Amino acid sequence: MPRRIETILAQAGLHYQDITAVSSCDVIPPLHLSTTFERGSDGSYPGGFVYARHGNPTRALLEKVMTDLEGGADWSAAFTCGMQAVSAVFLAFGAQATVLLNQELYQGIRLLLDAPFGSWGLRAQVVDMTDLGALEVAMARVFADPATARVLLWLETPSNPMLQIIDVRAVLAMAEGQARLHRKDFISVLDTTWLTPYLLQAVGPLRIDLTLASATKFLGGHSDLLAGVLTGRRRKLSHAAGTTFLDLEAPIRQLQRHAGGNLPPFEAWLLLRGLKSLPARMRTHCENAHRLAHFFASHPRIAAVHYPGLPSHPGHAVHAAMMSREGLSGSMMAIQVRARDGEGGNGGKEGAEVEAMVLRVVARLRVFRRATSLGGTESLCEHRRSVEGAESRTPWDLVRLSVGLEAYEDLEEDWVQALGEEG
């Protein structure tokens with residue numbers, strides 16, 4: 001019987017007793033810590049598992065749940081962290097390929113492509129994906145390049161940290177046209193870390209080939225585990241004559257078995273536990289963020305609010321049309337802080353002065369915690385520029401917020417006192 005996503009998550013693990021040969025009918029999925037599994041007298045593996053690097057019942061259970069969440073997905077693979085999952089995609093995709101990515105995205109992706117994978121032969125082409133005209137020109141150039149055997153579309157929406165919105169459907173339609181014209185294949189990857197499959201099912205409705213999630217964040221939801229998950233569909237790629245390159249599952253499975261980086265069973269068990277409360281958590285996350293964004297939008301000390309749930313956001317309509325949950329826009333946002341009277345204005349000030357002013361504001365926060373990462377029960381704030389370093393393109397006055405599950409009134413009051421009552 002088809003089940004809704006809330007039921008899948010609330011009972012995560014109960015309907016997958018076929019993962020192991022012998023069921024103990026646990027209501028809560030058990031934790032399997034064994035690194036090796038006994039063979040039968042005939043040399044077979046009756047339990048279905050050989051060695052923990054090749055497979056583990058707890059991790060297999062998690063991967064089955066993650067596959068079911070996407071609606072249209074065929075497989076999932078769990079890794080030790082999000083960046084390990086990213087590296088697996090790049091390794092599986094191979095050299096003589098070009099990664100087309102937005103100019104605004106998580107800095108770690110760009111650094112990974114610049115250093116280890118750049119020297120390996122995987123090229124990166126950066127473009128403003130919110131400008132469909134500029135994207136069309138860049139995409140045509142990438143597909144037409146004879147040195148490019150295939151193209152990897154790397155999509156992140158909302159983007160980190162400015163929350164730009166990419167029209168995923170338009171980008172995929174554009175790529176399909178170029179693939180037919182130049183007889184080259186492409187794979188699409190969408191980072192759904194900030195939204196989770198609860199807010200955006202990308203593999204089914206959007207027809208994305210592969211989703212990436214840093215499960216450390218909202219999926220785990222308690223800031224107590226590191227994990228990364230890839231979830232994909234099998235799609236025959238037919239544009240390149242004679243190709244046998246069908247999808248990324250096989251090479252990613254090979255990397256799991258032989259290169260390491262698999263999610264350990266305890267972290268897999270913690271992640272299964274966290275997933276059970278995902279729908280309830282995400283609804284509260286989103287409600288608090290929506291109210292806080294409206295508060296910031298009317299505050300004299302906030303120069304800009306970057307939150308796609310606001311009608312004033314340039315990507316509001318596109319974002320709403322993609323989301324799986326009407327009225328829920330996520331809990332991540334960014335604000336740009338304006339200096340108050342007597343503290344100096346932002347205009348004409350050096351970056352270091354603006355940074356110092358913003359850091360004074362966040363230092364006064366008592367409910368929001370000054371820490372990196374996101375997606376836990378606690379509200380976090382971070383001055384991204386000081387974290388990203390000299391190569392950062394983030395504005396000096398920008399603070400990224402992960403809005404948690406606290407009472408909304410406490411969150412608003414915290415910012416009222418931190419910003420000060422003066423205009």
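Computed from a predicted structure; not experimentally measured.
- A side-chain donor-acceptor contact under 3.5 Å links Arg338 to the backbone of Pro300.
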| For Arg110 and Gln107, what are the C-alpha separation, side-chain angles and deciding distance, and is it a side-chain hydrogen bond (donor to acceptor under 3.5 Å, both in side chains)? | CA-CA 5 Å; Arg110 192 190 304 274; Gln107 188 190 38; over 6 Å; no
| task | For Thr231 and Glu70, run side-chain hydrogen bond (donor to acceptor under 3.5 Å, both in side chains): C-alpha distance rounded to whole Å, both residues' side-chain angles, the deciding distance at 0.1 Å, then the answer. | result | CA-CA 8 Å; Thr231 300; Glu70 272 293 352; 5.7 Å; no
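- For Val367 against Asp410, the heavy-atom pair with the smallest separation is CG2-O, 3.9 Å.
- Listed here is the closest heavy atom pair of Thr196 and Leu278: OG1-CD2, 4.1 Å.
- Between the side chain of Thr192 and the main chain of Ala213, no donor-acceptor pair closer than 3.5 Å is present.
- Tested against Arg233 for a side chain to side chain donor-acceptor pair (under 3.5 Å), the candidates Asp209, Thr211, Thr67 yield a single pass: Asp209.
- Here the two rings, on Trp154 and Phe93, have centers that are 6.0 Å apart or farther.
- Gly221 and Arg281 make their closest contact through CA-NH1, 3.3 Å (heavy atoms, listed as atom of the first residue, atom of the second, distance).
- Salt-bridge check for Glu63 with Arg59: passed, with a basic side-chain N closer than 4.0 Å to an acidic carboxylate O.
- The residues Arg234 and Glu249 are annotated as salt-bridged, a charged nitrogen and a carboxylate oxygen being separated by less than 4.0 angstrom.
- A heavy-atom distance below 4.5 Å is found between the side chains of Thr80 and Pro264.
- Of all heavy-atom pairs spanning His383 and Trp396, the tightest one is NE2-O, 2.6 Å.
- Ring centroids of His313 and Tyr307 are separated by 6.0 Å or more, keeping the two rings apart.
- A cation-pi arrangement is found for Arg325 relative to Tyr198, the charged atom lying closer than 6.0 Å to the ring centre and inside a 45° cone about the ring normal.
- Taking the six-membered ring for Trp and the full ring otherwise, the centers of Trp415 and Phe368 sit less than 6.0 Å from each other.
- Residues Arg400 and Ile335 form no side-chain contact, since every pair of their non-hydrogen atoms from C-beta on lies 4.5 Å or further apart.
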| request: Give the intermediate values and the outcome of side-chain hydrogen bond (donor to acceptor under 3.5 Å, both in side chains) for residues Gln164 and Thr157. | output: CA-CA 7 Å; Gln164 291 182 356; Thr157 185; over 6 Å; no
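- Asn56 contributes no side-chain N or O that, together with a main-chain N or O of Pro265, makes up a donor-acceptor pair within less than 3.5 Å.
- Ring geometry for Phe49 versus Phe37: interplanar angle of 30 to 60°, hence tilted.
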| field | Derivation and outcome, side-chain hydrogen bond (donor to acceptor under 3.5 Å, both in side chains), residues Ser324 and Gln201 | value | CA-CA 6 Å; Ser324 303; Gln201 288 182 302; 4.6 Å; no
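- The aromatic rings of Trp120 and Phe117 sit perpendicular to each other, their planes meeting at more than 60°, with 30° as the lower class boundary.
- Annotation for Ala418 and Val361: closest pair CB-O, 3.6 Å, computed over non-hydrogen atoms.
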